[in-house]
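As the structure is a prediction and not an experimental result, all values here were calculated from the model.
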Amino acid sequence: MIKHPNEFYSLEPDQDWMRPEQDTPIKGLTLAGDYTKTSNFATMESAVESGELAAKIVCEELEDF
């Protein structure tokens with residue numbers, strides 16, 4: 001078990017609901033960072049994956065523009 005007082009969310013089972021998606025209901029606002037929902041824990045790898053997902057969302061929005 002990993003415990004850290006500054007973690008954004010708990011690593012316990014069924015706690016992933018606390019991590020927001022990259023896409024938001026606010027037009028033009030896309031989230032990226034290790035705290036967002038990815039396939040990894042909040043790590044540097046998670047931050048990279050989140051950035052890639054966010055970039056894909058932004059590109060798709062630009063295509064619709």
(message) So, using side chain to side chain contact (heavy atoms under 4.5 Å, CB included) as the criterion, who are the partners of Ala47 when residues are at least two apart?
(response) Asp34
(request) Name all pairs fulfilling the side-chain hydrogen bond (donor to acceptor under 3.5 Å, both in side chains) condition that reach into residues 54-65, sequence neighbours left out, sorted by first residue then second. (result) none
(request) Kindly compute the distance separating CD1 (Ile57) from CG (Leu31), expressed to the nearest 0.5 Å. (result) 8.5 Å
(message) For a quick check under 3.5 Å, do Gln22 and Thr30 share a side-chain donor-acceptor pair by atom type?
(response) no
(request) Please write out which residues are connected to Val58 in a hydrophobic cluster, directly or through intermediates, given that two of Ile, Leu, Val, Met, Phe, Trp, Tyr count as joined at side-chain heavy-atom separations below 4.5 angstrom. (result) Leu62
(message) Under a 3.5 Å distance rule, please check whether Thr24 uses its side chain to pair with a backbone N or O of Leu29 as donor and acceptor.
(response) yes
(message) The criterion is side chain to side chain contact (heavy atoms under 4.5 Å, CB included); which residues satisfy it with Glu21, sequence neighbours excluded?
(response) Lys37
(request) Decide side chain to side chain donor-acceptor pair (under 3.5 Å) for Ser50 and Thr38; before the verdict, give the C-alpha distance in whole Å, the side-chain angles of both, and the deciding distance to 0.1 Å. (result) CA-CA 6 Å; Ser50 176; Thr38 64; over 6 Å; no
(request) Applying side chain to side chain contact (heavy atoms under 4.5 Å, CB included), name anything that partners Glu52, two or more places apart in sequence or on another chain. (result) Val48
(request) Using the test side chain to side chain contact (heavy atoms under 4.5 Å, CB included), find all partners of Thr43 that sit at least two apart in sequence or belong to another chain. (result) Asn40, Phe41, Glu45, Ser46
